[in-house]
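Just so we're on the same page: letters track the sequence lines, and every chain starts at 1.
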Amino acid sequence: MQLLFLIIKKEILIALRERLVLALGSIIVILLGVALYAGYLTYQQQEAIISQTQNEKRQEWLGQGDKHPHIAAHYGTFVFKPKTVLSLFDFGLDAYTGTSVYLEAHYQHEFMFRPAQDHSSMIRFGELSAALVLQVLVPLLIIFLSFASYTHERERGTLKLLLSQGVSFQTLTWGKILAYSIILIVILSPFMIGIAILSFTGVQHEALQQVEARVILLYGVYGLYLFFFISFSVWISLRSSTGRNALLTLLSCWILLVILMPKTVANFSESIYTLPSMREFKAAIDKDKANGLDGKTPRSVRMVNLTNEYLEKYQVDSVEQLPFNFEGVSMQAGEEYGNMVYDHHLEKLQNIFHKQNRLSSIASLFNPFLAVQHLSMGLSGTDIHTFIHFEDEVEAYRRALVRKMNNDMAENSKYGEFFGYKAGEDLWKQIDDFSYQTPTVKELLSHYKLELISIGLWTAMMVLLIHYTNRKMRPLHG
Amino acid sequence: MDSTIKTLVRYEWKAFVRNKFQLIMLVVTFLFGLYAIYYGQSEINAQRNTINAVTAIEHEEFSTYKASFTEEMETIEQEQTHDIASRPAYAWFRHGYHAILPPHDFAPLAIGQRDLFRYYYRLTGMSLHYQLFENELANPVNLMAGNFDLSFVLIYLFPLVIIAFCYGLYSSDKEGGTLALLLIQSVSMRKITLVRLTFYFVLITGLALLLSLVGILSSGSFVADENLMPGLAWLVGVVVYCAFWFGLLYFVISFRKSSSFNAISAAGCWLFLLIVIPSMLNVIVTTMYPLNSATLAGLTRRTGLENENDEKEVKKVIREFLAHKPELAASDSLIENNMLAKAYAAFTSLKDINNQHEVDHYNAQVAKRNTWTSRFHWLSPSVNMQDVFTHIVETDLTTFLHYQDALVRFHGNISEFYFNRLFWDKPLVRADYENLPSFSMKQQSDRWETVWLGLGKVLLAAVLVFTLGFIKMKGGIKQ
């Protein structure tokens, strides 16, 4: 035990003497600071804009004056994608998902305005977030810090000296790994605390559920990821004959995992599962709305069927005799048919998205970087699954709104009097303001099983591998 | 060429051929390049297919209109079609025109922002803002991952290849013990390093040029008028960018430190130029110029007249619109005919007129961001190069901003075409179909200025790092 502490102390001292490593360490500290500060500013700016505009739209809805409910359903309202507090840590997909959507009767509008569209192509180089620093830059710092951990001793001949003193490879290796872990913890802990404080106190109208649990899980995921990189680097150093070889091997792995693979996987999934264009997507929906999903029951036939059904049910000869306004009923029936058609096509579309994302989940089994990237976005509420969940909630809200309007029209107005009936603020108030809550951590993680397995397996494998290699190493080869 | 250079090159060649690792690396890079070209082309071809499909739909729509002028009217549907074809009261909001931004022949080489922006719109005479903001379907995950196109291979991967080949040019001799042998030769160390560096420059830049030529020749005709200049500029860009990285490596080597030091410093530079600087600039610009698309969202709301039956309100809307249009002002006498159609046309146009300043303001903010970032391009030749490549193949933000402007003009033409007939009570006749509004985009005059200026900056950076290295390398034998 005492030996272990001695080795840890020695490794830390050596690392502190390396000027290059110190310089890189300070740069990372500065970058993390800048990233968190900028993330916090963006979060506050966007949060203020969104809640203000959302409020304005709410007032517009309430103050739209007296009008026919169906016109109100067309007047509709807007929903804006809320910023989650942890987006200050990981921007995730926020630049690439649409931010606002218009809700009205009959039409499912697409989300508008991807923030990346307001940037030059430089945005494709990425945005500096704390997550980017931890996922991309810190592993590189680890590589620079530890690639020579064994090769240096080997090249200088100190390895033989150490071993002859009775130090085992086990103690030596774990001592080095623990030393680097301590250095990283010291560098990163102020920021970890900072993130916790910002996200626990900066919360105003928070959409993100279980922030505390998410932050703790983030610590865990990043802890494992960085530990993996430390032990991997030390292991490569242990197995390499020269520092130069160790460095080249580690850098090649880093490039493969962090730069090449994510892009290739994404592009690959895009090529295998191709998306329709918006025009095709909309045209298919319009066609099915007009001719029926089976292609044989056009709108006019559906209308006749519905009319007959109601006349029979209420035993009357004409729709005017029904105790409610049939226009409201038929309007809602049309709406529901439209929803059914839309759901049919949306499911196909989401299936493609799902398959594409599934491929990159599978790829994450082979790449801990991808696993961490996905989990980090997920826990921060800036991932694709949270976005799809948000989209679904918005659509459910739109449907409830339109249904309410159509039902009111059926109950309170007379057949054929479209401009005669007017509803007012009392009805508008019955529609609650839209408020969004992300899925719980448990629901979220059910999408990320593969990623969790990946991170766990890679770390466990590394520990076992090191243990095994330590035992196999013979001092003679040192 | 004197004999020492010949000898040096010959030995370098031998060393290169015998190093399996380096050979494999070049082959792998070449294969990545080929994949990137293939990927870019498949992306752009998918866009071309969409464009063709969309154009076919438009063609079909208008052929049925044209045909309805000569056909015998038999069914109700036929009569309806003829109404839409001939009566401006229907035509103004039913006839859809596609405004298409076709990809440049070389767009597959640098997809840029083309996967993020829409490149086709169907426009009718209805409110422009209602039609403008919807996005194309895309998986945000893949948008974020970005495109593996040739520009990515050249900008990200080639520097790494250059680093891998050159970081040990001096230090490996030092570490391998051959340095002393080199130093006792009559040739200076500076010259030896320079010759070896040139050798690899020719080799690697040659590979980059080869890949670019494959990409260019398989994407379009090099000699076509509109392609010659972009093709040449691309090739020049490749040479200049490679030169910059070789210059940088020369500078790093000139410190005469260990291989590990060289590798770490070079990789650090790569990290700074390709990840740290651009990502930092991006967050700075986001926080410095916060944009609020939420205000624009409000413009897409579909509103109509409060009450169509209220004749006073209807006429008021029409008159308000006519006040904006002197050429239509006198049509006031015809206000009673087709009043509702006129009122709706007037209503949506007024909406556009009253809101255009918000859209202009927003676009101006975006342009401001663009100007701000381009002012800092010199910080990273890689960012600069990416910008140059996207400018060459017209996949940059500016192209899309120009496209937006052209859309506004085109929508103006469409409205004018139909409103002239609607408000003057003139039917659409068969002959009108020969003079339909058509979309066109002005050539951007400043495009090539940006390209050459950008290339100049990269060249300057290359000269700078090379000179620094050259001066530093001068020192004699310091062991």
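Contacts between Phe133(B) and chain A at a heavy-atom distance below 4.5 Å involve backbone atoms as well as side-chain atoms. Looking at Phe389(B), neither its backbone nor its side chain comes within 4.5 Å of chain A, counting heavy atoms on both sides. Contacts of Arg122(B) with chain A are made by side-chain atoms alone, with heavy-atom separations under 4.5 Å and no backbone atom involved. Interface remark: Asn370(B) contributes side-chain atoms only to the contact with chain A (heavy atom separation under 4.5 Å). Using a 4.5 Å cut-off between heavy atoms, Phe117(B) contacts chain A through both its backbone and its side chain. Within the 4.5 angstrom heavy-atom criterion, atoms from both the backbone and the side chain of Leu281(B) approach chain A. Of the atoms belonging to Glu43(B), it is side-chain heavy atoms, and not backbone ones, that fall under 4.5 Å from chain A. Looking at His98(B), only its side chain comes within 4.5 Å of chain A, counting heavy atoms on both sides. The part of Phe152(B) that comes within reach of chain A is its side chain, from C-beta onward, which places non-hydrogen atoms under 4.5 angstrom from that chain. Looking at Phe376(B), there are no atoms closer than 4.5 Å to chain A (heavy atoms on both sides), in backbone or side chain. Both the backbone and the side chain of Leu274(B) come within less than 4.5 Å of a heavy atom in chain A. In this structure, the portion of Thr390(B) lying under 4.5 Å from any heavy atom of chain A is its side chain and not its backbone. Only the side chain of Tyr362(B) comes within contact range of chain A, with at least one heavy atom under 4.5 Å from a heavy atom of that chain.
Ion pairing between Arg124(A) and Asp149(B) fails under the 4.0 Å rule for side-chain N and carboxylate O.
A distance of 9.5 Å separates NE2 of His119(A) from CD of Gln113(B), quoted to the nearest 0.5 Å. Taken to the nearest 0.5 Å, the CG atom of Asn267(A) stands 7.5 Å off from the CD1 atom of Ile111(B).
A donor-acceptor contact shorter than 3.5 Å is absent between the side chain of Asn139(B) and the backbone of Gln356(A).
Chain B forms more heavy-atom pairs under 4.5 Å with one residue of Phe268(A), Trp254(A), Phe91(A) than with any other, namely Trp254(A).
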